[in-house]
> 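Before I ask anything, let me first share the structure, which is written out below as structure tokens.
Order of listing sets the numbers, starting from 1, for every ligand and every atom in it. Residue numbers start at 1 and run along the sequence shown. Computed from a predicted structure; not experimentally measured.
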Amino acid sequence: MHYSNFGLSNTKRLLTCALRDAYAVPAFNFYNMETLNAILNAAEITQSPIILAVSESALEYMGDDILMGMIAGAKYKKNQIALHLDHGHSFESCKHAINLGFSSVMFDGSALPLADNIKISRRVADYAHKFDVSVETELGVLSGFEDENTQSESHAYTDPDIVKNFINLTKTDSLAIAIGTSHGAYKRKNNNESLRFDILKQIAKNIPNTPLVLHGASTIPQKYINTINKFGGNMENAYGIAPTQIRHAISLHIAKVNFDSDLRLAFTGAVREYLFKHKNDFNPRDYLSRAKNEMTKHCIDIIQNIMGSGFKI
Ligand code: G3H
Ligand code: 13P
Ligand code: ZN
């Protein structure tokens with residue numbers, strides 16, 4: 001099935017508008033009906049373009065048919081919403097998503113030798129472009145998590161000197177870069193560490209027509225960490241990227257910003273609080289609806305106060 005049959009937008013189109021008007025489109029990860037619903041509610045309330053991001057593991061969790069059935073049944077404006085494969089790790093995985101009806105895919109070859117990253121990125125682009133599907137690629141390595149508890153220190157900032165050649169050779173549409181963000185909830189020792197805006201400026205200068213993407217951008221709101229810790233959780237020393245840093249990155253050419261951890265925190269905090277306060281309740285709809293609403297509220301906050309993407313459709 002082609003993505004246009006679902007009324008989904010070409011992702012490049014959303015990002016080109018964002019680049020032109022100096023705002024960013026949020027990519028929010030989802031993995032079930034509640035999280036999809038929460039994000040689409042925020043999109044509708046704010047009239048914002050949104051990228052619905054599905055990781056390989058989220059796709060496996062939902063299953064092809066349930067996911068595409070939910071997308072087919074969802075209500076949104078034509079050309080407001082893109083459906084995006086997040087961190088596809090192989091040509092086959094990207095091809096599979098394109099054939100399902102995704103409007104963009106990320107091929108993440110950032111851990112591969114450069115020559116292999118270029119080769120597979122180009123192969124994905126050649127296939128995707130036949131269907132007018134856009135492709136995000138990545139250069140540089142974000143530090144991150146092997147699992148929920150182990151932080152990997154290894155990262156490599158994107159080299160501004162190779163980005164132009166990379167885009168020319170791969171013919172891909174947007175580029176994820178490493179300037180100091182990282183995946184997960186434990187990105188920072190505090191809220192004040194700065195991203196490498198000097199590198200971002202160089203990259204933007206070298207590929208001014210390519211929308212740039214910031215992964216690992218969650219702000220890790222301390223109100224959610226406090227709620228989680230207050231109601232039975234244990235997430236000490238979790239810090240994220242300050243909203244001012246993300247806004248500055250957007251002013252310097254970032255057109256897509258990825259959020260997953262923040263939404264998980266909003267959701268989990270609400271579930272923990274509800275169950276802690278209602279010890280006899282065992283109806284999942286009671287706590288899931290609260291979690292969904294909290295996630296919608298946080299998506300709205302990101303859209304209005306960080307992305308600047310409200311009323312852009
Ligand atoms: O960047 C990765 C996302 O946070 C996806 O994580 O594989 O647990 O869905 P996941
Ligand atoms: P966070 O873990 O910072 O939310 O990053 C999510 C992400 O980059 C998804 O691709
Ligand atoms: Zn990511």
> Show the atoms of ligand 1 that are less than 4.0 angstrom away from any heavy atom in S55.
5 (C), 7 (O), 9 (O), 10 (P)
> Specify the protein heavy atom at minimum distance from atom 8 (O) of ligand 2: its residue, its atom name, and the distance to 0.1 Å.
G216 N, 2.8 Å
> Counting heavy atoms only, which part of A185 comes closer than 4.0 Å to ligand 2: side chain, backbone, both or neither?
neither
> So, S121 versus T170: side-chain donor-acceptor pair below 3.5 Å or not?
no
> Looking at ligand 2, does K187 have a heavy atom less than 4.0 Å from it?
yes
> May I ask you to identify the nearest protein heavy atom to atom 9 (C) of ligand 2, giving residue, atom name and distance to one decimal place in Å?
D86 OD2, 3.1 Å
> Would you kindly say whether H96 and E56 are connected by a side-chain donor-acceptor distance under 3.5 Å?
no
> Hey, can you tell me if Y274 and H278 have their rings parallel, tilted or perpendicular (30° and 60° cut-offs)?
parallel
> Once you restrict to heavy atoms under 4.0 Å, what part of T181 touches ligand 2? Side chain, backbone, both or neither.
neither
> Centre-to-centre under 6.0 Å for F197 and H248, is that the case here?
yes
> Output yes when the distance from some N or O of ligand 1 to some N or O of H215 is under 3.5 Å, and no in every other case.
no
> Distance under 4.0 Å to a non-hydrogen atom of S57: what atoms of ligand 1 satisfy this?
7 (O), 8 (O), 9 (O), 10 (P)
> So that I can tick it off, tell me whether D126 and R122 are bridged by a salt bridge, with the cut-off set at under 4.0 angstrom between side-chain N and carboxylate O.
yes
> With under 30° as parallel and over 60° as perpendicular, where do the rings of H183 and H87 fit, or are they tilted in between?
perpendicular
> List every atom of ligand 1 that sits less than 4.0 Å from any heavy atom of D260, numbering the atoms from 1 in the order shown and giving each element.
3 (C), 4 (O), 5 (C), 6 (O)
